[in-house]
Engineer: 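Sharing a structure, written as structure tokens. Questions coming.
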Amino acid sequence: MTSTGINSLRNGPDDHGRFGPYGGRFVAETLMPLILDLEAAYRAAKLDPAYQAELSDLAVHYTGRPSPLYFAQRTTEHLGGAKVYFKREELNHTGSHKINNCLGQILLAKRMGKTRVIAETGAGQHGVATATVCAKFNLPCTIFMGATDVERQMPNVLRMKMLGAEVRPVTAGAGTLKDAMNEALRDWVTNVDTTYYLIGTAAGPHPYPEMVRDFQSVIGTEIKAQFQAAEGKLPDAVVACVGGGSNAIGTFHAFLDDPSVAIYGAEAGGHGLDVENGHAASMAGGRPGVLHGNRTYLLQDRDGQILEGHSISAGLDYPGVGPEHSYLHDTKRVTYVPITDDEALEAFQLCTRLEGIIPALESAHGLAQVFKLAPTMGKDQSIVLCLSGRGDKDVESVGKYLGLLK
Amino acid sequence: MTTRIDTRFAALKAEGRPALVTFVMAGDPDLATGQAIFEALPQAGADIIELGMPFSDPMADGIAIQLAGQRALANGHTLRATLGMVEDFRRKDETTPVVLMGYYNPIFIFGVEEFLAAAKAAGVDGLIVVDLPPEEDEELCLPALRAGINFIRLTTPTTDDKRLPTVLANTSGFVYYVSMTGITGAAIKSRAAVGDAVRRIKSHTDLPVAVGFGIKNAEDAEAIGRDADGVVVGSVLIEAIARTLVDGKPTDKTVAAVRELVASLAGGVKGSRS
Ligand SMILES: Cc1ncc(COP(=O)(O)O)c(C=O)c1O
């Protein structure tokens, strides 16, 4: 099985919250004491059997874990190479992997005595998952969402409102995820005494990247056991889409020390990397910088001003990425590839027709990478894709792209 | 080593009044007008100048300062241009301390050592970098101190007695007390609480303590200045600039508006101890 020896890639972060040079705690002093408290609370919770038991119970009875590992037979036949499996995170309650993290963090917020929750959201999946756990645990919540995203993910906006959340559209900048995160941070600084900031991805100041990764690592751990049961070995490749990188690190983490497993992260290539400010591929098209509490790869101009980026998928439309991915990119353990809007749209349609599964546009980026990869591999080999979310939220915007709607 | 900041605070102490510290954004509303505003500040009554370094994502700032940064960036303002403004200022004013304030990424991308050398050469006296808490001192704080530039730390209502020594450890020049948990441009809830906090910080350090965030007029400046060694005013100056603009462009009222407001605030700090 996996080792966590001295050369393990699974040991990060260090005491300063660093994965190599990435990560850290680049926040205003107002937030610093709280971030230290959060770290202490998380360390204590991790060791508390009662906390772990409650989380496991919720995972089974509320989320519906374990999510199935599904053999995508027609996709496999269509591609004519490696066997393709889907890890069905889209079947989780609320329709994506985001709930795994939200449950872990809401229990922590309760333990810390916080009385209000805030979150940022891009596609609205994290906003919905946050609004859901806040309803269940009876905490008021405010969700910050870029105005552009409010428009393109309307079904999720309605879900959040019905769940009792206040949705605050953010008009600054391009009105996407980065702007929502800035506004959430401003709210947090203002209401730090009462408020828990439930970050939705494996990014932000330490300990968030570690904590969110831990909550999402259930994905890869289950894949490993389920694949072993199905095929009696390790998969040859695992693939996930990368926005901030939470479903990806959750999928990858269990496999980092298994060198026979190739690991691919699909970034948002938008209109293509050669189109200025036309993509959101921070590793393929950015360079290291400091934003939102951590050092990581960022899309930025020559003067260190952050660019907005672009992706058809609201959940990938972010100019940064979690710090652990930056480290895995530099060490070359994971291969990050840009997938364009068009490639993702094609994968979205193919998956829908071949498997009867409508994937989220985010997940469709991972699928597109599988479509490229499988034909290059042998029929005795296998790829597991993290199907991070379902596409109900996207049917309207995809319908518009395809000309099905006026 | 005695810096311009030390000298200025010592002189004001002798005079028996707090410092008026003014914040304006470099390059707002454009480079030439921004320079004219900058150079008008000492005459109008500013004792120390904080010059904002525009950043695309100012997470600790309210809407006024966000918009000021956007106006500057829309005109193509760069960190090098900010340093150039200080260089030009220093040709005319050898004594007024200038502190650059902003966020870390543009400095990180410029290159820390290269930036510090250029800042020192331009005549910058101190730095305030919002997203560099003491936990990240190796990044810029310690190199800045080595380069002979003050690193001015923010302390906040959440910085308790246990943490205060950590925050003060590598602070120099002065301590900047943020009057509230909040972003720039919000309102102070309790002046009495601010006074208590200043006294608490002063029991831990001999450095001057300046108070910022939420000081909006001469009356606020006077009241806060009774306890503090300096009062910092930013958002209202930026708003005064913004009100004079037509289609985002400066008018003949722009520099005058700043001059007037600073003069009135200076009256406030002069009344603090009388
Ligand atoms: C279904 C789905 N997948 C992926 C993402 C991207 O986030 P992350 O990279 O943190 O998994 C999102 C974000 O909204 C999402 O909704």
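All values derive from a computational prediction rather than experimental measurement. Naming: A, B, ... by sequence-line order, numbering from 1 per chain.
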Engineer: Begin with the C-alpha distance, continue with both residues' side-chain angles, and end with the deciding distance and a verdict on side chain to side chain contact (heavy atoms under 4.5 Å, CB included) for B:E136 and A:R295.
Structural biologist: CA-CA 11 Å; B:E136 304 292 350; A:R295 174 164 24 237; 5.7 Å; no

Engineer: Name, in order of residue number, those residues of residues 190-206 of chain A that have a heavy atom at a distance of less than 4.5 Å from a heavy atom in chain B; otherwise write 'none'.
Structural biologist: A:T190, A:V192

Engineer: What are the two closest non-hydrogen atoms of A:Q305 and B:P54, and how far apart are they?
Structural biologist: NE2-O, 3.1 Å

Engineer: Which bit of A:L307 is near chain B, if near means a heavy-atom gap under 4.5 Å: side chain, backbone, both or neither?
Structural biologist: neither

Engineer: Taking all non-hydrogen atoms of both residues into account, name the closest pair between A:I306 and B:D57 and its distance.
Structural biologist: CB-OD1, 3.3 Å

Engineer: Determine, stepwise, if the pair B:M59 / A:L291 fulfils side chain to side chain contact (heavy atoms under 4.5 Å, CB included).
Structural biologist: CA-CA 9 Å; B:M59 282 99 58; A:L291 180 72; 4.3 Å; yes

Engineer: Write down the atom of A:V27, the atom of B:P133, and the distance for their closest heavy-atom approach.
Structural biologist: O-CD, 3.2 Å

Engineer: Do any N or O atoms from the side chain of B:N105 and from the backbone of A:G304 form a donor-acceptor pair under 3.5 angstrom?
Structural biologist: yes

Engineer: Report, by ascending residue number, the residues of residues 169-200 of chain B in heavy-atom contact with chain A at a distance under 4.5 Å; give 'none' if the set is empty.
Structural biologist: B:T181, B:G182, B:I183

Engineer: So, B:R80 side chain and A:D303 main chain: donor-acceptor pair closer than 3.5 Å or not?
Structural biologist: no

Engineer: Would you check if B:P106 and A:Q300 make a side-chain contact, meaning some heavy-atom pair closer than 4.5 Å?
Structural biologist: no

Engineer: What part of A:R302 gets within 4.5 angstrom of chain B, counting heavy atoms only: side chain, backbone, both, or neither?
Structural biologist: backbone

Engineer: For chain B, which candidate among A:E308, A:E183, A:H292, A:R18 shows the most heavy-atom pairs at distances under 4.5 Å?
Structural biologist: A:R18

Engineer: Nearest 0.5 Å, please: how far is CD in B:E135 from CG in A:L36?
Structural biologist: 5.5 Å

Engineer: Out of curiosity, B:I109 CD1 to A:D301 CG, how far, rounded to the nearest 0.5 Å?
Structural biologist: 9.0 Å

Engineer: Any residues in residues 155-163 of chain B near chain A, with a heavy-atom distance under 4.5 Å, and which are they?
Structural biologist: B:T155, B:T156, B:T158, B:T159, B:R163

Engineer: Considering only heavy atoms and a distance below 4.5 Å, find which of B:I63, B:L67, B:V130, B:L79 pairs most often with chain A.
Structural biologist: B:V130

Engineer: Contact part of B:F110 toward chain A, heavy-atom cut-off under 4.5 Å: side chain, backbone, both or neither?
Structural biologist: neither

Engineer: Considering only heavy atoms, which portion of B:V129 lies under 4.5 Å from any heavy atom of chain A: side chain, backbone, both, or neither?
Structural biologist: neither

Engineer: When only heavy atoms count and the cut-off is under 4.5 Å, which of residues 25-35 of chain B reach chain A?
Structural biologist: none

Engineer: Within this structure, what is the NE2-CD distance for the pair A:H16 and B:E138, rounded to the nearest 0.5 Å?
Structural biologist: 7.5 Å

Engineer: Taking CD in A:E166 as the centre, count heavy atoms belonging to other residues, nucleotides or ligands within less than 6.0 Å. Is the count above 12?
Structural biologist: yes

